[in-house]
Amino acid sequence: MTHPIIKDLTNRHAVKKYDPTRKVPQADLDILYEAMRLSASSINSQPWKFIVLESDEAKTRLSNTFVNMHHYNLKHVFDSSQIILFAYNPKYTREDYAKVVDKGITDKRTTLENREAAFGVYLFADLNTSETGDTSAWTKAQTYLALGNTLHVLARLNIDSTPMEGIDIDLVNKEFSAELAGYQCDTALAIGYSHPEEDFNAKLPKSRLAMEDVFLRI
Ligand SMILES: Cc1cc2nc3c(=O)[nH]c(=O)nc-3n(C[C@H](O)[C@H](O)[C@H](O)COP(=O)(O)O)c2cc1C
């Protein structure tokens, strides 16, 4: 018998057409958002912001960015239930990490006396910071971990989704600059339910490289 995790991950697929009549129930959204918040990141940096577009007004603003490219993803804007913008902090600093350390003290993971010592691991951020203070490669990698966690949780909740690098990054960041507040969005995620007839990808067999092509056991 196939394990339920493998079953769910085999069923999940990048939706190509959503059922516009179905929206994700609030109870599932609550689980999803909490699971996203619990995502792991290097030194617990959490250099991300998740901006959920669900109002007609927010979705209209996103739809207006599909003028030059990636028109194939436009239909998801209104047909899906929510679009989540995954954004990362391109200039992560010690001050940003101080927020993490102080939350660790509030959560009783760190003691006040150990506050300074808790900054020791900030070395990992330093090693990934350019001379101009650019941390993009590192913080973007953390944000993709959150995306991967999100895709898995969605599969387990039987909610369908489409990760989308197919967005006009310049226009999206311009349109949502107030909400992004200096963070950078390079990826969006549509969530909702696959159209029962028109989502061609739902009917295609799953295809991945063979085990021996991606694993080396030594
Ligand atoms: C980071 C990322 C960006 C993607 N961007 C798009 C996109 O813009 N539009 C789209 O239809 N699919 C997009 N995909 C879906 C991939 O093409 C898809 O996950 C891959 O072909 C494997 O197929 P499956 O997810 O259906 O198993 C993206 C996937 C990832 C992980």
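Note that the numbering runs from 1 along the sequence shown for the chain. For ligands, and for the atoms within them, numbers begin at 1 and follow the listed sequence. Since the structure is predicted, the reported quantities are computational estimates derived from the model, not experimental observations. Any value given below was found using the heavy atoms of this structure, including those in side chains, with hydrogens, waters and symmetry copies removed.
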Next item on the list: Consider every N or O of Leu147 and every N or O of ligand 1, then say whether any pair is closer than 3.5 Å.
Entry: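 No - when backbone and side-chain N and O of Leu147 are compared with those of ligand 1, no distance drops under 3.5 Å.
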Check: For His13, is at least one N or O under 3.5 Å away from an N or O on ligand 1?
Finding: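 In this structure, His13 places no N or O atom under 3.5 Å from an N or O of ligand 1.
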Margin query: Test salt bridge (Lys or Arg N to Asp or Glu O under 4.0 Å) on Asp199 and Lys16; report intermediate values, then the result.
Written below: CA-CA 5 Å; Asp199 178 17; Lys16 303 295 177 181; over 6 Å; no
I need the nearest protein heavy-atom contact for [atom]: residue, atom name and distance, please.
atom	answer
atom 9 (N) of ligand 1	Asn73 OD1, 3.2 Å
atom 16 (C) of ligand 1	Ala14 CB, 4.4 Å
atom 25 (O) of ligand 1	Arg12 NH2, 2.8 Å

Can you name the atoms of ligand 1, numbered from 1 with element, that are less than 4.0 Å from a heavy atom of [X]?
X	answer
Asn201	26 (O)
Tyr72	9 (N)
Tyr144	1 (C)

Note to self: Measuring from atom 7 (C) of ligand 1, which candidate in Ser207, Ala190, Ala155, Pro163 has the nearest non-hydrogen atom?
What the structure shows: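 Residue with the shortest heavy-atom distance to the ligand atom: Pro163.
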Next item on the list: May I ask which of Lys16, His70, Met164, Lys206 has a heavy atom nearer to atom 10 (C) of ligand 1 than the others do?
Entry: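 Looking at heavy atoms only, the winner is Lys16.
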Next item on the list: Check each heavy atom of Arg208 against ligand 1 and say whether those closer than 4.0 Å belong to the side chain, the backbone, both or neither.
Entry: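 Near ligand 1, Arg208 shows its side chain, while the N, CA, C and O stay back.
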Going by atom types alone, do [X] and [Y] pair a side-chain donor with an acceptor below 3.5 Å?
X	Y	value
Thr129	Asp126	no
Tyr88	Asp186	yes
Tyr18	Ser81	no
Thr139	Tyr183	no
Asp28	Gln26	no
Thr132	Asp134	no

Item checked: Flag side-chain contact, heavy atom, 4.5 Å: Trp48 against Phe86 ->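 No. Closest side-chain heavy atoms not under 4.5 Å.
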Notebook entry, point to check: Would you say atom 21 (O) of ligand 1 touches the protein, meaning some protein heavy atom is under 4.0 Å from it?
Noted result: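 No, there is no protein heavy atom closer to it than 4.0 Å.
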